[in-house]
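Within every chain, numbering begins at 1; the chains are lettered A, B, ... in the order of the sequence lines, protein sequences first and strands thereafter.
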2 protein chains.
Amino acid sequence: MTKNAELIYNIICNSTSHPTAEEIYLRLKSEHGRVVLATVYNNLNYLCEGGYIRKIVMENAPDRYDKTIRHDHLICRECGAIADFYMDDITDILEAKLGSHILSYDLKCSYICPECRKKLGM
Amino acid sequence: MTKNAELIYNIICNSTSHPTAEEIYLRLKSEHGRVVLATVYNNLNYLCEGGYIRKIVMENAPDRYDKTIRHDHLICRECGAIADFYMDDITDILEAKLGSHILSYDLKCSYICPECRKKLGM
DNA sequence: ATCTATGTTAGAATTATTCCAATTAAATTT
DNA sequence: AAATTTAATTGGAATAATTCTAACATAGAT
C-alpha cells in the first residue's frame with residue numbers, strides 16, 4: 001500500500017463522517033501539501049477493490065467512503081446526513097429466501113434524523 | 001399526469017428490464033417521435049417524487065428505474081444484470097432494532113447470476 | 001380568440017469521475 | 001552509490017450523466 005493510499009485509509013477509518021472524495025482531498029492537501037483529486041480517486045478505487053474500505057453510493061450526491069466493518073446506513077431524507085447502525089447479519093436469511101449464494105448486501109434506510117425532527121417540530 | 005409522464009410510467013411498469021433514462025428515451029422516441037432526454041429526466045424525477053416509480057441508484061452505471069411494488073434487487077457482480085426478489089417486509093424488524101421510524105429501505109444484494117455462473121463454470 | 005399556466009425542446013452548463021501522457025518517486029540491480 | 005526499471009502521482013483534458021435555462025408550443029380557462 002502506497003503512502004497516499006495509507007493516508008486516505010487512515011482518514012476514512014478515523015472518521016465518523018463518511019467523507020466524499022472531495023473532502024478527503026481537501027483534508028489531505030491541507031495536512032500533507034501537494035495532492036490531486038485524481039490521486040484520491042485512484043487510491044479510493046484501489047482501496048475499494050481490495051476490500052479495505054467501501055463506497056456508499058448516494059442518490060443525487062457524490063459517493064461517500066466508509067470503513068468496512070459490517071454495518072448499515074440510515075440516511076436522513078431532509079439533510080442527507082448518514083448514521084451507522086448495526087444489525088444482525090441477515091445473509092443467512094437472504095440466502096435461505098433466495099436459494100442462492102450472496103456475495104454481500106447493501107441496506108440503506110431512509111429516515112428523519114433527530115436534528116431535523118427537532119427543526120421540523122416533530 | 002402529463003402525456004409523456006404517462007407514457008414513461010407505462011414503459012416502466014410494463015417492463016421487467018429496469019430501464020435507464022437513455023433506454024426509455026430511445027424507446028419513446030422510436031414509438032412516439034419527437035422527445036428529448038431532458039423531458040425524460042424531468043418526468044422521471046416527477047414520477048419518483050410522486051412515488052409512482054422508484055430509482056435504483058447503481059454503482060458505476062447510470063441510474064435505473066422501476067415500479068414501486070415493494071421488492072428488492074439482486075445485482076450480478078459480473079454482468080450487472082438486475083433481478084427482482086420478494087422478501088417479507090422488514091420495516092418492523094428494522095424499526096424495533098432502531099427505535100426510530102423508517103420511511104423506506106433499500107436492499108441490494110450482490111450475487112452471480114445463473115448465466116454468469118454457467119459461463120464461469122461454477 | 002386571447003390569456004395564462006404548464007409542459008417540452010434544444011442546447012449549454014455543471015458535476016463527478018476517469019483517462020492519459022508526462023513527471024516524479026521508489027525499488028532493484030549493477 | 002549510480003543506473004535502471006517499475007510504480008505512483010500529477011495536471012489537465014475528456015467523458016458521461018444529469019440538471020438548468022430560456023425560448024417555444026400546447027392546452028385549458030376566461
Taking atom C1' of D:dT10 as reference, at what distance in whole Å does atom OH of A:Tyr25 sit?
11 Å
Could you check whether A:Lys119 pairs with A:Glu115 (Lys NZ or Arg NE/NH1/NH2 to Asp/Glu carboxylate O, under 4.0 Å)?
no
side-chain N/O A:Thr2 vs D:dT9 OP1/OP2, d < 4.0 Å
yes
Taking only side-chain N and O atoms of A:Arg34, does any of them lie within less than 4.0 angstrom of OP1 or OP2 on C:dT24?
no
If I take atom CD1 in residue B:Ile8 and atom P in nucleotide C:dT8, what distance separates them, rounded to the nearest angstrom?
8 Å
B:Lys3 has an atom NZ; how far is it from atom P of D:dG28, in whole Å?
12 Å
Would you call B:Glu23 and B:Arg64 a salt bridge, using N to O less than 4.0 angstrom?
yes
Close N or O pairs between protein and nucleotides 15-19 of chain C (under 3.5 Å):
unit_1 : atom_1 : unit_2  : atom_2 : d
C:dT17 : OP1    : A:Asp63 : N      : 3.4
C:dT17 : OP1    : A:Asp63 : OD2    : 3.0
C:dT17 : OP2    : A:Tyr41 : OH     : 2.4
C:dT17 : O5'    : A:Tyr41 : OH     : 3.4
C:dT18 : OP2    : A:Asn45 : ND2    : 3.3

Rounded distance (Å) that lies between atom C1' of D:dT18 and atom CD1 of B:Ile24
14 Å
For a quick test of reading the model, state the closest non-hydrogen atom pair linking A:Asp63 to A:Val57 and the distance between them.
OD1-CA, 3.7 Å
Below 4.0 angstrom, N of the basic side chain to O of the carboxylate: do A:Asp106 and A:Arg54 qualify?
no
Roughly, in whole Å, what's the span from CG in A:Asn4 to P in C:dT24?
16 Å
Below 4.0 Å: OP1/OP2 of C:dG7 and any side-chain N or O of B:Asn43:
no
Looking at B:Ile69, I'd like to know if its CD1 atom is crowded, meaning that more than 12 non-hydrogen atoms belonging to other residues, nucleotides or ligands lie closer than 6.0 Å.
no
Value in whole Å for how far the C1' atom of D:dA7 lies from CD of A:Glu6:
17 Å
When rounded to whole Å, the OH to P distance for the pair B:Tyr46 and C:dG7 reads 8 Å
salt_bridge(A:Asp66, A:Lys55) N-O dist < 4.0 Å
no
When rounded to whole Å, the NE2 to P distance for the pair B:His32 and C:dT8 reads 13 Å
Parallel, tilted or perpendicular: which one describes the rings of B:His18 and B:His73, with boundaries at 30° and 60°?
perpendicular
